[in-house]
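To keep things clear, I will list the structure first and then write my remarks on it.
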Amino acid sequence: MPADYWITQTGATDMFHTPAVLPLTVRDFLTGVPGVASPKPFSGRRVAFTHNGKDINLYVIDDDTENNVGAPARVVEGKAVPDKGEIIIDRVVARSENIRIGDIIPVAGRTLKVAGYSEGGYILSFSFAFATKEDAEGILQLPGATNFFHVTVKDGTAAGEVASRIEADPAVDAITQDRFVENNTNIVRDTFLPIILVLLFIGIAVGMTVIDLTIFTSTIEKAREYGVLKAIG
């Protein structure tokens, strides 16, 4: 999703902890900002559903083919672009939850057929999924609104000046692509890394305990033999 800036609601800095909702009329404002080449809406949010008795979390993204925004980075099996009533899910969650291409899954009150598997969108507690604009609008429930806008800057224009012009509107913030990626990466790291470290330390402690018990048990079992050998001299 190439973009020079992500336009967010003021105070929203990432896709997960601080969700943004912007009216689509913001696009008209952005189009009129000198130096802006193409503002494109981007919509997505987390939803949960139950499949085979298990709770599954997806971050459903509007695969907006009209604006060329929101497509999966890589599709490894099945359709690359979903049709109406279809969804593309990540291969990791498909394998772990035994979801096959052609399966019907309930998502936010809709039933969608799995049309393909993507790759690179699994983030431990949830994964990215992609639906058509029409289906996504029904799932995300954002009539006349979107979550973010992608903005590219015209060639030969100072990006920082364009960002300042955008932020003249107190309702929006302009965040560089690199910073936005970093903000979302930090959330994943800060949320899950401590859990992984705790599990790692627990694993080390359990391993050391097992080794100690093995040595202790072996010593006890051989104690009589050691006594006989000592008596013999």
Side-chain angles (χ1 to χ4, degrees), residues 1-46 58-75 79-84 86-88 90 115-116 118-121 128-187:
M1 294 175 286
D4 293 312
Y5 286 95
W6 284 68
I7 308 306
T8 74
Q9 185 177 353
T10 299
T13 59
D14 58 76
M15 297 171 65
F16 309 118
H17 285 178
T18 51
V21 177
L22 295 171
L24 290 174
T25 52
V26 170
R27 186 173 192 172
D28 297 332
F29 160 71
L30 294 171
T31 301
V33 173
V36 170
S38 59
K40 299 178 179 180
F42 176 92
S43 301
R45 75 173 175 88
R46 290 180 67 170
L58 300 178
Y59 191 100
V60 178
I61 293 175
D62 171 5
D63 187 354
D64 187 349
T65 54
E66 180 182 346
N67 290 295
N68 194 28
V69 173
R74 294 184 301 278
V75 174
K79 289 185 177 180
V81 179
D83 289 326
K84 182 181 177 182
E86 296 180 337
I87 191 168
I88 295 173
D90 192 86
S118 60
E119 191 174 63
F128 291 110
F130 306 86
T132 64
K133 184 177 182 63
E134 183 178 348
D135 287 324
E137 286 177 349
I139 293 168
L140 305 179
Q141 295 293 305
L142 290 173
T146 188
N147 296 112
F148 308 97
F149 283 92
H150 288 179
V151 162
T152 53
V153 175
K154 291 180 179 177
D155 292 339
T157 305
E161 292 180 6
V162 174
S164 296
R165 293 171 191 148
I166 293 172
E167 291 185 335
D169 183 343
V172 300
D173 286 335
I175 304 176
T176 64
Q177 170 84 348
D178 290 343
R179 171 56 70 85
F180 195 73
V181 170
E182 182 182 356
N183 290 345
N184 288 282
T185 301
N186 287 342
I187 286 176

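We're numbering straight along the sequence, starting at 1.
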Subject >> Closest contact, heavy atoms only, Ala171 versus Leu22 >> reply: O-CD2, 4.4 Å
Original post:
Thr146: what forms a side chain to side chain donor-acceptor pair (under 3.5 Å) with it, not counting sequence neighbours?
Top reply: Ser43
Original post:
Within the distance-only criterion (no hydrogens, no angle test), does the side chain of Asn67 pair as donor or acceptor with the backbone N or O of Lys40 below 3.5 angstrom?
Top reply: no
Subject >> Pairwise side-chain contact, Ile61 with Phe42, heavy-atom cut-off 4.5 Å (strictly under) >> reply: yes
Original post:
Which residue pairs satisfy the salt bridge (Lys or Arg N to Asp or Glu O under 4.0 Å) criterion with at least one member in residues 145-162, sequence neighbours excluded?
Top reply: Glu161-Arg165
Subject >> Any Ile166 side-chain heavy atom under 4.5 Å of Val36 side chain >> reply: yes
Original post:
At their closest point, which heavy atom of Ala131 faces which heavy atom of Val60, and how far apart are they?
Top reply: CB-CG1, 4.3 Å
**OP:** Over all heavy atoms of both residues, which pair between Thr8 and Phe180 is shortest? Give the atoms and the distance, please.
**Re:** CG2-CE1, 4.1 Å
Original post:
Of all heavy-atom pairs between Ile88 and Ala80, which one has the smallest distance, and what is that distance?
Top reply: CD1-O, 3.5 Å
Original post:
Taking all atoms of both residues into account, what is the closest heavy-atom pair of Asp63 and Ala71, and its distance?
Top reply: OD1-CA, 3.6 Å
Original post:
What are the two closest non-hydrogen atoms of Ile175 and Asn183, and how far apart are they?
Top reply: CG2-ND2, 4.4 Å
Original post:
Is the backbone of Gly11 close enough, under 3.5 Å, to the side chain of Asp173 for a donor and an acceptor to pair up by distance?
Top reply: yes
Subject >> Value rounded to 0.5 Å, distance of CZ in Phe128 from CZ in Arg46 >> reply: 9.5 Å
Original post:
Counting distance only, does the side-chain N/O of Asp64 pair as donor-acceptor with the main-chain N or O of Gly70 below 3.5 Å?
Top reply: no
**OP:** Indicate yes or no: at least one non-hydrogen side-chain atom of Ile87 is less than 4.5 angstrom from one of Pro82.
**Re:** no
Subject >> Step-by-step side chain to side chain donor-acceptor pair (under 3.5 Å) determination, Asp135 to Thr132 >> reply: CA-CA 5 Å; Asp135 287 324; Thr132 64; 3.1 Å; yes
Original post:
Can you find a pair of side-chain heavy atoms, one from Pro41 and one from Val69, that are under 4.5 Å apart?
Top reply: no
Original post:
Should the ring pair Phe148 and Trp6 be called parallel, tilted or perpendicular, given that the plane angle runs from 0 to 90° and is split at 30 and 60?
Top reply: perpendicular
**OP:** Keeping to residues at least two apart or across chains, list the salt bridge (Lys or Arg N to Asp or Glu O under 4.0 Å) pairs with something in residues 136-151.
**Re:** Lys133-Glu137
Subject >> Heavy-atom side-chain proximity of Pro72 to Asp90 below 4.5 angstrom >> reply: no
Original post:
Quick check: does any side chain N or O of Arg45 sit under 3.5 Å from a backbone N or O of Ile139, one acting as donor and the other as acceptor?
Top reply: yes
Original post:
Are any of the side-chain heavy atoms of Tyr5 and Glu167 separated by less than 4.5 Å?
Top reply: no
Original post:
Got Val75 and Phe130 here, is their nearest side-chain heavy-atom distance under 4.5 Å?
Top reply: no
Original post:
Do the side chains of Glu182 and Asp178 get nearer than 4.5 Å, heavy atoms only?
Top reply: no
Original post:
Nearest 0.5 Å, what's the NE2-CD1 distance between His150 and Ile7?
Top reply: 10.0 Å
